Chemist: 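Take this structure, written in structure tokens, and hold onto it; I'll ask about it next.
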2 protein chains.
Amino acid sequence: MPDVKHFDPEAVLEQVERLFWQRGAASTGIAEVVAVTGISRSSLYATFGGKQELYVKALRRYVERRSQPVFQALADDGRGLRAIEGFFDRLIEARCAGEHARWGCMISNAHAGAEGGDPEVRGVLDRHQERLRAAMRTALGAAHDLRPGLDLDAAAEMLALLAYGVNLRSRAGADPADLRRGVSAALNSLKEPK
Amino acid sequence: MPDVKHFDPEAVLEQVERLFWQRGAASTGIAEVVAVTGISRSSLYATFGGKQELYVKALRRYVERRSQPVFQALADDGRGLRAIEGFFDRLIEARCAGEHARWGCMISNAHAGAEGGDPEVRGVLDRHQERLRAAMRTALGAAHDLRPGLDLDAAAEMLALLAYGVNLRSRAGADPADLRRGVSAALNSLKEPK
DNA sequence: CCTATCTTGGAATGACTGGTCCAAGATAGC
DNA sequence: GCTATCTTGGACCAGTCATTCCAAGATAGG
């Protein structure tokens, strides 16, 4: 009996995600969201709720569709340090060139913004960090050429923090070569000396 | 002949710096600045210009009065890795406890915000990164217990990126013990194996 | 085709945005 | 104490903010 939605909520959410990712929540108005998505204010509010709820939904989508698959691939890649090297190579490539160049990471960006005050957002950020750390830990566990006596948990934490640093600096337009050198220094230091 | 300012611009700028540092530029209104500083809109605009100029001035003050002295101390500290260890210890302490707990680093925060679009801001960010990297490089140069064959420039870049990661995560309320473990992993990996 | 039910466009909301302006007040040399 | 010059308080501005609301439109079962 009822009418049905005249748009695809999932597709709209993706557009919103990209908007918030690139410009940040605080400096993106609802008017802009309406303009980009093409749907009306009514539909937007009826489907997603207010701005904050919309932002959280977009942030969750980012984690689920962008971060998680990459983390999973990292954890499933059995090549040890080579897997981690590949992770960072692709990260730097994506952050510095192509469609999303200089957008940074939506999660990293959320850390710095006032959005972090929302406890729901904080939960997303903490879970993201924990999952990245866990994926790094798994990848390190598969490595056989590590420095003897290395604390794998601590090293995983270090690599996760390093990824955040890469995300931040890439948003300001850092030279990808510099970022790669920094990452190489970290990975080489974890290797067994020969 | 003329009248003279009824307030101390330097003291006002410090209050503004703290405001922007904690809450971010986008989500801090001029009204709030007026309320916190106690001076009027007229004086604010006459002395510092508009919001963006005010933000840039506050950001510059942050670099000059907060970052630079610490970088200088790091570069002047001849203890090698111990100096870097001390730098990170104090950083984590300041970021996670006391007056500025969970404020993050104003420069790191600026990376993620829309403020980074301003080329003047970008210049401040790049210069900050370069100076931190250089201070790390100097500190590494003074070390005698480093892994043989270590690329000091790359290691300095890595440590600078790590600092940004620490800044970000601390703003979201990360456990300081986790941050310390991550930093220790980095520093231990740079050490000469024994 | 009718109607119950949902969606949609767009107008309207009041609060707040950064920024301007000017009369009134303060200052210091004369 | 007079006056030229700057500062100050606060009213005021147009524009934007997120949000609400409702009449008109679309839908699908009967």
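Please read all numbers here as calculations on a predicted model, not as lab measurements. The sequence lines fix the lettering, A, B, ..., with proteins before strands; numbering per chain opens at 1. Only this structure's heavy atoms are used, side chains among them; waters, hydrogens and symmetry mates stay out.
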Chemist: Checking all strands, does B:S42 fall into the base, sugar-phosphate, or nothing category for heavy-atom contacts under 4.0 angstrom?
Modeler: base

Chemist: State which of C:dT8, C:dT17, C:dC6 makes the closest approach to the side chain of A:P2.
Modeler: C:dC6

Chemist: Please examine the side chains of B:F20 and B:N109, heavy atoms only from C-beta on, and report whether any two atoms are closer than 4.5 Å.
Modeler: no

Chemist: Counting distance alone, no hydrogens or angles: does the base of C:dG18 have a donor or acceptor under 3.5 Å from a partner atom on the side chain of B:R41?
Modeler: yes

Chemist: May I ask you to verify if any side-chain N or O of A:S40 is less than 4.0 angstrom from the OP1 or OP2 atom of C:dG9?
Modeler: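 Yes, A:S40 has a side-chain N/O under 4.0 Å of OP1/OP2 on C:dG9.
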
Chemist: Determine whether A:E17 and A:R66 satisfy the following criterion, salt bridge (charged side-chain N to carboxylate O under 4.0 Å, His left out), listing intermediate values before the conclusion.
Modeler: CA-CA 11 Å; A:E17 171 203 321; A:R66 312 251 182 200; 2.7 Å; yes

Chemist: Please determine, for the side chain of A:D3, which listed nucleotide (C:dG25, C:dG9, C:dC6) has the closest atom?
Modeler: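 Side chain of A:D3 sits closest to C:dC6.
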
Chemist: In whole angstrom, give the distance that lies between atom CD1 of A:I30 and atom C1' of C:dC16.
Modeler: 16 Å

Chemist: Can you find a side chain N or O atom of B:S43 that sits less than 4.0 Å from OP1 or OP2 on D:dT8?
Modeler: yes

Chemist: To the nearest Å, how far apart are B:Y55 OH and C:dG19 C1'?
Modeler: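 After rounding, the gap between these two atoms is 20 Å.
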
Chemist: From the set C:dG19, D:dT7, C:dT8, return the single nucleotide nearest to any side-chain atom of B:H6.
Modeler: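 So the nucleotide nearest the side chain must be D:dT7.
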
Chemist: Looking at C:dT17, D:dG25, D:dT8, which one has an atom nearest to any side-chain atom of B:F7?
Modeler: D:dT8

Chemist: Starting at atom NZ of B:K51, determine the distance to atom P of C:dT20, rounded to an integer number of angstrom.
Modeler: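 That distance rounds to 15 Å.
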
Chemist: On DNA chain C, compare the nucleotides closest to B:A25 and B:V4; which residue's is nearer the 5' end?
Modeler: B:A25

Chemist: Please state how far atom NZ in B:K5 lies from atom P in C:dT27, giving the value in whole angstrom units.
Modeler: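 After rounding, the reported distance stands at 14 Å.
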
Chemist: Just by distance, no angles: are the side chains of B:Y164 and B:H128 close enough, under 3.5 Å, to form a donor-acceptor pair?
Modeler: yes

Chemist: Under 4.0 angstrom, heavy atoms only, what part of the nucleic acid is B:T47 near: base, sugar-phosphate, or nothing?
Modeler: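 If one applies the 4.0 Å heavy-atom cut-off, B:T47 turns out to touch nothing in the nucleic acid.
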
Chemist: Can a salt bridge be assigned to the pair B:D126 and A:R169 using a cut-off of 4.0 Å between side-chain N and carboxylate O?
Modeler: yes

Chemist: Are A:R127 and A:E130 close enough for a salt bridge, meaning some N to O gap below 4.0 Å?
Modeler: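 Not counted as a salt bridge, because no side-chain N and carboxylate O are separated by less than 4.0 Å.
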
Chemist: So which nucleotide from D:dT5, D:dT8, C:dT20 ends up closest to the side chain of B:Y45?
Modeler: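 For B:Y45, the side-chain atoms sit closest to C:dT20.
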
